Engineer: 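Sending over a structure as structure tokens; questions will come in a sec.
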Amino acid sequence: MQLVLRTALAAMLLLPVAARAQGQTDPKAFRWTGTVVAGRWVQLQNINGSIHVEAATGNTVEVTAIKRWRRGDPDQVRITAERVGPNDGDLLICALWRDDATCDESGYHSGKRGGSNRNDTEVEFTVKLPKGVHVDVNTVNGSVRVAGATAEVEASTVNGGVSAVSSAGPVAASTVNGNIDVRMGETGSGDLDYSTVNGTIRLIVPSGFSADVEMSTINGGLDSDFPMTVQGRVNPRHMRATIGKGGRKLRLKTVNGSVELRRA
């Protein structure tokens, strides 16, 4: 399950990217606590600000948010929480900058008015995640860090790095401007795809991993801990190969950066 930024370009126009809001801070911006059982999802959609996920000490999900701003109006940034999914078993958290913006399980919708909003408020989220709960976290301007997960992870941003670790998995991650660093204890059975434009990709998978692999970069190098059966010509910037028995597809693609495939 993944929240899709259906109007990603419009969303990026909402806020100034270059200047970080480091002026005033509201430490009591938002707090949600409740139960999400193992096997269900916590979904979080942000636009301007980082997201941090860490392991909970018990069975309760806790989501907190801090607003930071320099010239903007933090009161115009709404944070919503609702139960969604079958029998309302999942949790959806959204940060909304426009009064006509909405967010649901299918993605973020920026509203009909369009244009640019100069509200530079950032929202920094922290999620404490119980064992066995899946997590899907997305932002546009900010880093995403997931640590201590024990189930499936989906993490994405546009301007920022993604670091995601799960003792189980699988883990999906993507960005445009930033590094991708992923480690998973289980890879599932589906295809895996990791891409950035400006950044290095580092993927750590179990030693028994098998896949048909495509690794590519323009300005950087390719490196793998796994013995690989190369298909076609050996190219230091683009490689198609088989690891183990092959089967599923693994794609690792960047433009400016290296690609590293590591064995756990």
Side-chain angles (χ1 to χ4, degrees), residues 1-3 20-22 25-68 79-85 89-95 103 122-175 178-188 194 199 201-206 262 264:
M1 182 183 298
Q2 183 175 11
L3 283 173
R20 291 184 57 82
Q22 297 176 343
T25 301
D26 178 5
K28 300 179 181 179
F30 176 85
R31 184 172 185 268
W32 186 96
T33 59
T35 301
V36 178
V37 301
R40 302 307 293 264
W41 287 84
V42 171
Q43 306 170 56
L44 194 154
Q45 180 67 66
N46 197 9
I47 293 293
N48 202 42
S50 60
I51 301 172
H52 307 283
V53 179
E54 58 193 48
T57 56
N59 296 322
T60 300
V61 173
E62 181 178 338
V63 181
T64 57
I66 296 176
K67 295 180 182 179
R68 294 185 174 89
I79 302 176
T80 63
E82 62 177 317
R83 293 284 192 169
V84 295
D90 303 323
L91 172 66
L92 173 63
I93 305 285
C94 300
C103 183
E122 291 183 7
V123 181
E124 179 180 327
F125 281 99
T126 300
V127 180
K128 294 186 177 180
L129 191 72
K131 289 183 178 180
V133 177
H134 306 291
V135 64
D136 180 359
V137 286
N138 305 268
T139 188
V140 174
N141 299 314
S143 62
V144 176
R145 179 176 59 83
V146 180
T150 58
E152 186 172 357
V153 174
E154 296 188 3
S156 69
T157 183
V158 176
N159 298 306
V162 177
S163 174
V165 178
S166 176
S167 60
V171 175
S174 67
T175 184
N179 297 331
I180 294 176
D181 195 338
V182 168
R183 181 179 187 129
M184 61 188 121
E186 299 175 11
T187 59
Y194 304 92
I201 300 175
R202 183 171 181 262
L203 177 64
I204 303 175
V205 294
R262 302 301 182 199

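Computed from a prediction, not measured in an experiment: that's the story for all the values here.
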Engineer: Of all the heavy-atom pairs spanning Thr150 and Gly132, show the shortest one and how long it is.
Structural biologist: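 In this case the closest contact between Thr150 and Gly132 is OG1-N, 2.7 Å.
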Engineer: For Arg40, check side chain to side chain donor-acceptor pair (under 3.5 Å) against everything at least two apart and list the hits.
Structural biologist: Asp90
Engineer: Within the structure provided, determine whether Thr139 and Phe125 are in side-chain contact (heavy-atom separation under 4.5 Å).
Structural biologist: no
Engineer: Could you state the interatomic distance from CG (Asn141) to OG1 (Thr157), rounded to the nearest 0.5 Å?
Structural biologist: 7.0 Å
Engineer: With a 4.5 Å limit on heavy-atom distance, are the side chains of Val36 and Arg83 in contact?
Structural biologist: yes
Engineer: Locate the shortest heavy-atom distance separating Thr187 from Pro206; write the atom from each residue and the value.
Structural biologist: CG2-CD, 3.7 Å
Engineer: Does a side-chain heavy-atom distance below 4.5 Å link Ile93 with Phe30?
Structural biologist: yes
Engineer: Does some side-chain heavy atom of Glu152 sit less than 4.5 Å from a side-chain heavy atom of Pro170?
Structural biologist: yes
Engineer: Please tell me whether Ser163 and Asp181 have a donor and an acceptor in their side chains that are separated by less than 3.5 angstrom.
Structural biologist: no
Engineer: If you look only at distance, which donor and acceptor atoms sit under 3.5 Å apart when one is on a side chain in residues 52-61 and the other is two or more places apart or in another chain?
Structural biologist:
| residue | atom | partner | partner atom | Å |
| --- | --- | --- | --- | --- |
| His52 | ND1 | Arg145 | NH2 | 3.4 |
| His52 | NE2 | Ser50 | OG | 3.3 |

Engineer: What's the shortest heavy-atom distance between Ser174 and Val162, and which atoms?
Structural biologist: O-CG2, 3.5 Å
Engineer: Which heavy-atom pair separates Ala81 from Trp32 by the least distance, and what is that distance?
Structural biologist: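 In this case the closest contact between Ala81 and Trp32 is CB-CD1, 3.7 Å.
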Engineer: Supply the atom-to-atom distance Arg183 CZ to Ser166 OG, rounded to the nearest 0.5 angstrom.
Structural biologist: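 So the CZ of Arg183 and the OG of Ser166 are separated by 11.5 Å.
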Engineer: Which heavy atom in Gly160 sits nearest to a heavy atom in Thr175, and how many Å separate them?
Structural biologist: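 So the two residues come closest at O-OG1, 2.7 Å.
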Engineer: On a heavy-atom basis, which atom in Ala151 and which in His134 lie closest, and how many Å separate them?
Structural biologist: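 That would be CB-ND1, 3.5 Å.
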Engineer: As an exercise, state the distance from CZ of Arg262 to CD1 of Ile204, rounded to the nearest 0.5 Å.
Structural biologist: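 One gets 8.5 Å once the value is rounded to the nearest 0.5 Å.
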Engineer: Do Leu203 and Met184 touch side chain to side chain, with heavy atoms closer than 4.5 Å?
Structural biologist: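 Counting from C-beta outward, Leu203 and Met184 do come under 4.5 Å.
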Engineer: Got a second to check how far Glu124's CD is from Asn46's CG, nearest 0.5 Å?
Structural biologist: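 Between atom CD of Glu124 and atom CG of Asn46 there are 10.0 Å.
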Engineer: About how many Å separate CD of Gln45 and OG1 of Thr80, when rounded to the nearest 0.5 Å?
Structural biologist: 10.5 Å
Engineer: Which residue in the set Ile51, Thr64, Val63 passes side chain to side chain contact (heavy atoms under 4.5 Å, CB included) when paired with Thr126?
Structural biologist: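 It is Thr64, the one option of Ile51, Thr64, Val63 that forms the side chain to side chain contact (heavy atoms under 4.5 Å, CB included) with Thr126.
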Engineer: Does Glu82 reach the side chain of Val84, with side-chain heavy atoms less than 4.5 Å apart?
Structural biologist: yes
